2 protein chains.
Amino acid sequence: MDTSEITSDHQKKTARYAKAMGHPIRMYVLELLSKQNCCYSGDLTNILPIAKSTLSQHLKELKNSGLIQGEIEPPKIRYCLNHEAWAEAQKLFKDFLGC
Amino acid sequence: MDTSEITSDHQKKTARYAKAMGHPIRMYVLELLSKQNCCYSGDLTNILPIAKSTLSQHLKELKNSGLIQGEIEPPKIRYCLNHEAWAEAQKLFKDFLGC
DNA sequence: TTCGCTGTTCGTGAAATTGCGAACAAAAAT
DNA sequence: ATTTTTGTTCGCAATTTCACGAACAGCGAA
């Protein structure tokens with residue numbers, strides 16, 4: 001079905017950000033990045049008890065949502081928050097939750 | 001794998017709330033309830049271009065997350081926010097997003 | 001007792017998600 | 001040139017999600 005006429009653009013956007021946050025591993029990554037600015041994928045692989053392919057998938061989902069971005073520093077990749085998207089998410093959830 | 005030792009309780013909780021918010025239809029319902037206090041399932045069925053069984057599934061997901069609750073007023077059901085869970089979600093997302 | 005209304009559950013199908021190991025690719029190190 | 005390191009992608013399996021129509025269940029109305 002097509003709900004595009006009922007649900008608003010900000011509802012779709014908020015839902016998209018929420019979906020990206022809807023997994024504890026991704027919450028962990030986002031919280032880590034909001035505290036320390038950036039991190040390396042390899043470091044996360046050493047910390048988190050999941051396969052590096054699984055971590056790669058989670059990071060991809062966060063990138064696809066726009067919340068983080070990765071900068072290649074061969075052979076590593078440095079991940080950080082995408083501040084533009086982060087600010088947008090802040091505003092959307094503040095408006096939505098009223099806090 | 002078991003990430004229960006790495007991801008914290010608040011990260012799991014925030015992820016759970018985020019998951020419930022991760023669909024535009026559920027965002028629509030939550031926003032409606034935050035504005036007008038309560039609504040009837042049947043009214044939503046008339047507004048939203050989705051099958052009533054689909055709406056029932058979405059409402060069930062919101063109930064399972066704790067964000068809403070339904071009160072039976074035969075033959076209808078009246079849905080409203082669960083203010084305790086809503087307040088918790090407000091705090092969790094405020095702490096997480098820093099807004 | 002039967003009918004009508006409201007909402008849920010079931011079964012289905014398709015798609016998405018989640019996890020993994022293996023294979024691959026790019027770059028640096030040797 | 002080869003090896004090592006880092007991270008991605010593929011294929012797989014299992015599960016979940018999302019959508020629906022049909023059947024079911026509870027209640028009030030007739």
Side-chain angles (χ1 to χ4, degrees), chain A residues 1-7 11-12 14-30 32-33 38-65 67-80, chain B residues 1-7 11-12 14-30 32-33 38-65 67-80:
Chain A
M1 49 74 197
D2 183 20
T3 61
S4 57
E5 287 182 1
I6 301 295
T7 57
Q11 283 164 348
K12 291 195 209 8
T14 312
R16 184 66 189 88
Y17 284 133
K19 190 176 182 184
M21 297 165 186
H23 190 291
I25 292 289
R26 295 198 291 269
M27 280 303 308
Y28 179 93
V29 171
L30 288 171
L32 186 72
L33 288 181
C38 68
C39 71
Y40 290 92
S41 176
D43 296 340
L44 290 171
T45 297
N46 293 333
I47 295 168
L48 293 167
I50 60 176
K52 66 180 181 180
S53 56
T54 307
L55 176 64
S56 194
Q57 291 305 322
H58 282 304
L59 291 173
K60 184 177 183 183
E61 168 64 13
L62 289 174
K63 273 188 290 182
N64 284 348
S65 76
L67 285 168
I68 71 171
Q69 62 206 22
E71 210 162 315
I72 299 176
E73 293 184 355
K76 298 184 168 187
I77 302 184
R78 182 159 56 93
Y79 287 98
C80 57
Chain B
M1 46 74 198
D2 182 19
T3 61
S4 57
E5 289 182 3
I6 302 294
T7 55
Q11 283 163 348
K12 292 192 205 15
T14 312
R16 184 65 188 89
Y17 284 133
K19 190 176 183 188
M21 296 165 187
H23 190 288
I25 292 290
R26 296 198 291 271
M27 281 302 308
Y28 178 94
V29 171
L30 288 171
L32 185 73
L33 290 182
C38 68
C39 70
Y40 290 93
S41 176
D43 295 341
L44 290 170
T45 297
N46 293 333
I47 295 168
L48 293 165
I50 61 177
K52 65 180 181 179
S53 56
T54 306
L55 177 64
S56 196
Q57 292 303 321
H58 282 303
L59 292 173
K60 183 177 182 180
E61 168 66 13
L62 288 174
K63 274 189 288 183
N64 285 348
S65 76
L67 284 168
I68 71 172
Q69 61 204 24
E71 209 162 315
I72 298 174
E73 292 185 355
K76 295 185 171 185
I77 302 185
R78 185 159 55 92
Y79 287 98
C80 56

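Everything numeric here is computed off the predicted structure, so don't read it as measured data. Below, chain A is the first sequence line, B the second, and so on; all start at residue 1.
A donor-acceptor pair under 3.5 Å is absent between the side-chain atoms of Lys52(A) and the main chain of Gly42(A), judged by distance alone.
As rounded to whole Å, 16 Å separates atom P of dA25(C) from atom CD1 of Ile72(A). Remark: P of dA19(D) and CG of Leu48(B) are 11 Å apart, rounded to the nearest angstrom. For Lys60(A) and dG19(C), the NZ to C1' distance is 15 Å, given to the nearest whole Å. One atom, CE of Met27(A), and another, P of dT18(C), lie 14 Å apart when rounded to the nearest Å. In this structure, Glu61(B) atom CD and dT17(D) atom P are separated by 6 Å, rounded to whole Å.
Two residues are said to be in side-chain contact when any heavy atoms from C-beta on lie closer than 4.5 Å; Met21(A) and Thr14(B) fail this criterion. Side-chain contact between Leu62(B) and Tyr79(B) is absent, with no heavy-atom pair separated by less than 4.5 Å. The closest side-chain heavy-atom distance from Lys76(A) to Ser41(A) is not below 4.5 Å.
Ion pairing between Glu61(B) and Arg16(B) holds under the 4.0 Å rule for side-chain N and carboxylate O.
Counting non-hydrogen atoms of other residues, nucleotides and ligands closer than 6.0 Å to CD1 of Ile72(A) gives a total of 12 or fewer.
With respect to Ile50(A), the side chain to side chain contact (heavy atoms under 4.5 Å, CB included) criterion is satisfied by exactly one of Thr45(A), Leu55(A), Leu44(A): Leu55(A).
One finds a side-chain N or O of His23(A) lying less than 4.0 angstrom from the OP1 or OP2 phosphate oxygen of dG19(C). Contact annotation: Lys19(A) side-chain N/O to dT17(C) OP1/OP2 distance is under 4.0 Å. Phosphate contact (OP1/OP2 of dA19(D), side-chain N/O of His58(B), threshold under 4.0 Å): present.
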For nucleotides 6-8 of chain C, list the nitrogen or oxygen atoms of the protein found under 3.5 Å from its nitrogen or oxygen atoms, one pair per line.
unit_1, atom_1, unit_2, atom_2, d
dT6(C), O3', Pro75(B), O, 3.4
dG7(C), OP1, Gly42(B), N, 3.4
dG7(C), OP1, Ile77(B), N, 3.1
dG7(C), OP2, Gly42(B), N, 2.9
dG7(C), N7, Lys52(B), NZ, 3.0
dT8(C), OP1, Tyr79(B), OH, 2.8
dT8(C), OP2, Ser56(B), OG, 2.5
dT8(C), O5', Ser56(B), OG, 3.3

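Residue Cys38(B) holds its SG atom at 9.5 Å from CG of Leu32(B), rounded to the nearest 0.5 Å. Annotation: the span from Arg26(B) atom CZ to Thr7(A) atom OG1 amounts to 12.5 Å, rounded to 0.5 Å.
Taking the screw axis at each terminus of the helix from dT1(C)-dA30(D) to dT30(C)-dA1(D) from five consecutive base pairs, the angle between the two is 10° to within rounding of 10 degrees.
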